Peer 1: 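Quick one: this structure, given as C-alpha cells, is what I'll be asking you about.
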Amino acid sequence: MTERFPKGDAEADRAGASDTNSPLLEVDGLETHFPITTRWLRREVGRIRAVDGVSFAIDRGEAFGLVGESGSGKTTAAHSILGLEEPTGGAVRFDGQLVDELTGWELQQFRRRAQLVVQNPDDAFNPRLPVGKSVAEPLALHGMDDEERRRAIVADLLERVGLEATDANRFPHEFSGGEKQRLSIARALVVNPDLIVADEPTSALDGRVKADVLSLLDELRREFDIAVLCISHDIDVVRRFCDRVGVMYLGELVERGETEAVLESPAHPYTRVLIGSIPSLDPSDRSLVRPLTETVPAPSDPPSGCRFHPRCQELIPPTASLEREDWRAIARFRFALQEGTVPEPIAVDSGTRVDPETVRDAFDLPTDLPNEGIEDAVEAATRAVADGDLERARERLAESLSTVCERTQPEAGDECEHLVRCHRYDSTIEAEPIPWRG
Amino acid sequence: MSAGDDPQRFEDVDWTELERSRRTVTPARAVFVAGLALFGALLALQAAAVVPNWGFDHLDWITALGALVVLSFGVVPALEHHALARRVLRELLSRPLRGAAAVFLGVFAIVAALGPVVLGSPDLAFEHRFHAPYGFTGADRWHAECLGDIVEGEGITRYCEGTLQYPLGTNERGHPMGHLLVEGASVTLTVLVFTAAFVVPLATAVGVLAGVRGGAVDDLLMSYVDVQLCVPAIVAFFIGYMYWNVSLALLLVTFGLLSWGGIARLVRSETLQRRDDGYVLIARSLGGSWTYVAKRHVVPNITNTLVPAAFHLLALLVLVEAGVAFLGFHHVELYSWGSTVQEGLDPEFAGIGLEMQPHEIWWVSTFPALALTLTIASLKLIGDGLRDALDPRL
C-alpha cells in the first residue's frame with residue numbers, strides 16, 4: 001500500500017490552499033479496499049479492491065465524468081471522495097486541502113461545499129418526511145435554525161428547478177422519478193456547493209426525462225459555476241454533459257481525457273469495448289466491439305498486469321510473427337479455459353472424450369502457425385482439452401503464450417495526448433497502438 | 001429581485017455567519033431533568049423522614065421514573081410536533097374499531113392513574129361478601145347479609161338481588177368489584193409504563209446500534225440477544241421469587257429485561273435494509289452523526305415493524321403479569337386482574353364452611369377477565385392503527 005499522506009506534502013498543500021489556480025478536487029492514487037473477513041473472529045482473508053489507485057482532478061465549474069460498467073468501483077470512488085467510505089490509501093484534496101485532515105469548521109465547510117446526488121430517486125428521500133423538509137435538511141444540518149427562512153429558501157429553489165413551491169408539503173411517493181431527481185438536485189444545490197457528485201443521476205429515468213434532468217443540471221452548473229463529478233455507465237450521458245471523462249475498469253482508471261477526444265478516438269481497448277457496445281442506429285453497422293471473453297473478473301482477485309488483459313481484443317502477442325486474428329483466437333482459447341467457460345461440444349464434466357479437431361473447431365483455432373513454439377503449445381492444449389484435462393491445457397498455454405500485458409502493470413502511456421494505461425501506448429514496448437476505426 | 005443579498009435565495013446565504021448550533025437544551029430534556037430533580041428532592045425528603053410514615057417503595061420509584069421517561073420523550077415531542085401528532089390521532093380515530101380502542105385505553109389510563117389515589121385501598125367487608133352485581137341475583141345463604149331484596153327460589157333456596165351499593169358485586173372479602181378493577185388497571189398501567197419506558201427503547205436502541213454500526217458491535221450485541229433468548233424469563237422470576245421478596249418490580253425486571261431480544265432483532269434487520277438508502281447517505285455526507293441518522297431517518301422508517309411489535313410486547317407483558325398473578329405468585333397487597341380471576345374461579349373459604357361453584361359467583365372472574373381482554377385487544381388494535389397512521393403512504 002502506498003504511504004498515506006507524507007507530512008511534508010500535507011504542509012505544502014496547506015500553503016497552496018490559497019492558490020486559486022489549483023484544481024477544486026484532486027484525487028491522487030485513491031484506494032478503497034474492503035476486507036473479506038471470516039465469520040469467526042473477523043480475520044481478514046482477502047480484499048475487495050473496489051477502488052485501486054485512481055487519480056484525477058476537477059477544476060472549478062468543470063464537469064468530469066467517470067464511466068465504467070457496474071462493479072468497476074465508480075460509486076465507491078465517489079463515496080470515498082466524500083468520506084462516506086474510509087479510503088485505504090491515496091489522497092483526496094479539496095481546494096488544495098487534504099480532506100482527511102479537515103476538522104471542525106473546515107470539515108463542516110467541505111461537507112457543505114461538496115454535495116451528493118444519489119443514484120436511485122426512489123430511496124433518495126426519507127418517505128416519512130415531506131420533501132420540503134428533506135430539501136431543507138442540508139440547511140438545518142449546516143446551522144440555519146430559522147425554520148421560516150429555510151422554508152422560504154426551499155420554496156424559491158423548488159420553483160427554480162421546475163417544481164412548485166407548494167410541493168414542499170407533499171411526500172416523496174407523490175412524485176415521479178424525474179421530479180424526485182429534480183428535488184435531489186435542489187437538495188444538493190440548497191447549500192450553494194462548489195462540487196456536486198452525481199452518482200448515476202439519470203440511470204433510473206427514461207429518455208425525455210433524462211434529457212430534461214441533464215439539461216437542468218447543466219444549466220445550474222453553468223449559472224452557479226459548480227463542478228460536477230458525474231458517475232455513469234451511460235456513455236451518452238457523459239457525451240452530453242461532461243467536459244472531461246475518466247474510464248474505470250475493475251477499480252482502476254484506464255483512460256482519461258477530454259470527452260470529445262476519448263469518445264471520438266478511444267485509445268484504451270476497454271474504452272473501445274465500452275463505446276462499441278452501444279448499438280448503432282445505422283442498421284447496416286453490425287460491428288459491435290466485443291471483449292475477448294465476457295466474464296468480468298472479481299475485484300477480490302483481479303488479473304495480474306493489465307487488469308483488462310484476459311478480455312482484451314488488442315492483447316499484445318508474445319511474438320510479432322502472428323497474424324492478429326490467429327492470435328486473438330488463441331488468446332480467446334486460453335482465457336476461456338482459464339475462466340472455465342468451455343463451449344457446448346466439449347462437455348468436460350461428462351467425462352466423454354472428444355477429438356482434438358472438435359476442440360479446434362469449437363474455438364476456431366488456426367492451424368499452421370508460423371511460430372513453432374506456439375503451434376506446439378496450442379496442439380498440446382487442444383489434446384489436453386480433448387482428454388478432459390483442463391488444468392494441463394491451462395498450464396501449457398500460460399507457459400508459452402506469456403504476454404507483457406499479464407506480466408507488468410501498464411503505466412500511463414506516452415504515445416497519446418491523454419492518459420491511457422495500456423502497454424500499446426508505452427514506447428518502450430514493441431507494440432503499436434491499433435488505430436480506432438470509429 | 002436584487003442580486004445582492006436576498007435572504008430567501010440559497011446563493012445569498014452567508015455561510016460564515018451561520019455557526020452550527022448545538023441545541024443541548026430541548027424541551028424533552030428540560031422536562032426530564034426537571035423531573036429527575038423533583039425525584040431527587042422527594043428522595044431526600046424520604047431519606048430525612050421529614051414526613052413520618054411516608055415514602056415510596058421500589059415499585060413506586062420505578063413507575064414514576066418510567067412515567068417521567070414516557071412524558072419527556074413521548075408526550076413532550078408529540079406536543080412539539082403537534083401537527084404530526086394531530087394527524088396521527090385523527091387518522092387513528094377515523095376508524096371506528098381503532099377509535100374505540102384508543103378511547104378505551106385513554107379512559108383506562110386515566111382511571112388506572114387516578115383511581116387508586118381517589119379510592120384508596122379497598123376495605124374488607126366480610127359481611128358483604130359475594131354480593132351480586134346490580135340487576136343480577138346471587139345465592140343467599142347465611143354467609144353474608146343481603147343488602148337487596150330476597151327472592152325465594154325452589155325449596156329452601158333463596159336469592160339475593162344486587163344493589164347499587166356494589167354495582168359490580170363483591171368478592172369473598174367483600175371488596176367491591178369496581179374497586180378491584182381499578183386496582184388491577186393500576187397494576188396493568190405500571191406494567192405498560194415500565195415496558196414502554198424501558199423495554200421498548202432498550203430493544204430499539206440495541207437493534208439500531210447493531211444495524212447501523214455493524215461489524216464487531218453487531219456480532220457482540222446479537223450474540224448477547226441469542227443468549228438472552230435462551231434464558232426463560234419465568235425461571236429467572238422464580239429464582240428471584242425464592243431469594244427475594246416477591247414483588248411486581250421483580251416480575252417487571254425479569255420479564256421486561258429478558259423479553260426484548262426479538263424486537264431488537266427485528267429492528268436490526270430493518271435498520272440494515274435502510275442504512276444504505278440514499279437519504280441516509282446524503283445525511284451522512286452532510287455531516288449528520290449516526291445518532292442523528294438513527295433518530296431522524298432510521299427509526300421513523302421502521303415504525304411499520306417496530307410499532308406493532310412493541311404493542312405486541314406490551315400486550316404480552318400485561319398477559320404475563322396477569323398469568324403469574326393467576327398462578328398466585330403476586331404480591332398479596334396488589335389486586336391484579338389475574339389474581340382476582342383466580343379468586344373467582346377457585347374461591348378459598350377457610351373457616352367459613354361455605355362452598356360455592358365458580359358459576360354462582362361469575363362476576364368475580366368475569367369482570368377482570370373482560371377488562372384484561374379489552375385491554376389486550378385495544379393494545380393490538382392501536383398498534384396496527386398507529387402503524388398505519390404513521391405511514392404517509394397509507
Side-chain angles (χ1 to χ4, degrees), chain A residues 37 39 42 79 82-84 105 107-130 134 137-146 148-149 151-157 160 170-174 184 186-192 197 199 223-224, chain B residues 1 3 6-23 81 83-84 87-88 214-220 222-223 273-289 292-293 295-304 387 389-394:
Chain A
T37 52
R39 185 84 194 121
R42 300 198 166 266
H79 288 180
L82 292 174
L84 291 174
W105 167 250
L107 180 65
Q108 177 89 357
Q109 284 306 299
F110 168 68
R111 297 223 171 273
R112 177 183 73 73
R113 293 174 63 196
Q115 289 298 310
L116 174 69
V117 171
V118 291
Q119 180 169 6
N120 184 355
D122 293 328
D123 73 14
F125 290 93
N126 184 337
R128 296 295 165 96
L129 287 180
S134 288
E137 187 180 17
L139 292 175
L141 273 173
H142 284 285
M144 192 183 288
D145 292 335
D146 182 352
E148 278 310 309
R149 190 174 177 200
R151 199 168 307 174
I153 289 176
V154 167
D156 170 62
L157 183 55
R160 285 154 80 183
R170 294 161 66 199
F171 285 94
H173 67 273
E174 299 172 52
S184 263
R187 172 171 54 187
L189 204 59
V190 76
V191 280
N192 199 13
V197 177
D199 185 3
E223 186 177 348
F224 300 108
Chain B
M1 244 182 245
D6 186 339
Q8 311 208 329
R9 289 171 77 93
F10 73 90
E11 65 266 38
D12 297 328
V13 174
D14 182 1
W15 290 101
T16 50
E17 242 176 36
L18 297 171
E19 186 75 42
R20 183 173 176 188
S21 65
R22 298 188 182 276
R23 274 207 314 165
H81 306 276
L84 176 70
R87 198 197 77 204
V88 167
V217 175
D218 185 15
D219 282 359
L220 206 69
M222 286 302 117
S223 317
Q273 286 174 33
R274 276 156 191 86
R275 57 173 285 179
D276 292 328
D277 275 4
Y279 51 88
V280 171
L281 283 179
I282 301 266
R284 284 179 51 215
S285 87
L286 286 164
S289 64
Y292 169 83
V293 169
K295 272 208 295 219
R296 177 119 175 143
H297 294 302
V298 176
V299 174
N301 278 297
I302 60 175
T303 53
N304 278 1
R387 174 197 59 198
L390 284 168
D391 193 340
R393 280 165 296 194
L394 291 174

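Everything numeric in this text was worked out from a predicted model, so none of it was measured. The sequence lines fix the lettering, A, B, ..., with proteins before strands; numbering per chain opens at 1.
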Peer 1: Just how far is it from atom CG of Leu129(A) to atom CZ of Arg296(B), taken to the nearest 0.5 Å?
Peer 2: 5.0 Å
Peer 1: Could you pull out the closest heavy-atom pair between Tyr279(B) and Ala124(A), with the gap in Å?
Peer 2: CB-O, 3.5 Å
Peer 1: Between Arg160(A) and chain B, which part of the residue has a heavy atom less than 4.5 Å away: side chain, backbone, both or neither?
Peer 2: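 Side chain of Arg160(A) only, per the 4.5 Å heavy-atom cut-off to chain B.
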Peer 1: What's the spacing between Leu390(B) CG and Arg128(A) CZ if we round to 0.5 Å?
Peer 2: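 It is 6.5 Å, given to the nearest 0.5 Å.
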Peer 1: Is it the backbone or the side chain of Phe171(A) that comes under 4.5 Å from a heavy atom of chain B, or both, or neither?
Peer 2: side chain
Peer 1: Looking at chain B, which one of Leu157(A), Asp122(A), Asn192(A) has the largest number of heavy-atom pairs inside 4.5 Å, strictly under?
Peer 2: Asn192(A)
Peer 1: Considering only heavy atoms and a distance below 4.5 Å, find which of Val190(A), Leu107(A), Thr37(A), Asp199(A) pairs most often with chain B.
Peer 2: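 The answer is Val190(A).
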Peer 1: Counting heavy-atom pairs closer than 4.5 Å to chain B, which one of His79(A), His173(A), Gln119(A), Glu148(A) comes out on top?
Peer 2: His173(A)
Peer 1: Quick one: pull up CG in Leu116(A) and CZ in Arg284(B) and give me the separation to the nearest 0.5 Å.
Peer 2: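 Separation between the atoms: 10.5 Å.
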Peer 1: Just verifying a value: how many Å separate Asn301(B) CG and Asp123(A) CG, rounded to the nearest 0.5 Å?
Peer 2: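 CG of Asp123(A) is found 10.5 Å from CG of Asn301(B).
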Peer 1: So which part of Leu84(A) gets closer than 4.5 Å to some heavy atom of chain B, the side chain, the backbone, both or neither?
Peer 2: both
Peer 1: Looking at Pro127(A) and Pro392(B), what are the two nearest heavy atoms and their distance?
Peer 2: O-CG, 3.3 Å
Peer 1: Taking atom CG of Leu286(B) and atom CD of Glu137(A), what is their separation to the nearest 0.5 Å?
Peer 2: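 Rounded to the nearest 0.5 Å, the CG-CD separation comes out at 6.5 Å.
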Peer 1: Checking Val197(A) against chain B: side chain, backbone, both or neither under 4.5 Å from a heavy atom?
Peer 2: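 Val197(A) has no heavy atom closer than 4.5 Å to chain B.
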Peer 1: Answer with side chain, backbone, both or neither: which region of Asn126(A) has an atom nearer than 4.5 Å to a non-hydrogen atom of chain B?
Peer 2: both
Peer 1: So which of Leu139(A), Val191(A), Val117(A) has the largest heavy-atom pair count under 4.5 angstrom toward chain B?
Peer 2: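 Max contact count across the listed options: Val191(A).
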Peer 1: Side chain, backbone, both or neither: which part of Asp391(B) has an atom under 4.5 Å from a heavy atom of chain A?
Peer 2: both
Peer 1: Heavy-atom pairs under 4.5 Å with chain B are the metric here; pick the option from Gln115(A), Arg151(A), Arg112(A) that has the most.
Peer 2: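 So the answer, after comparing Gln115(A), Arg151(A), Arg112(A), is Arg112(A).
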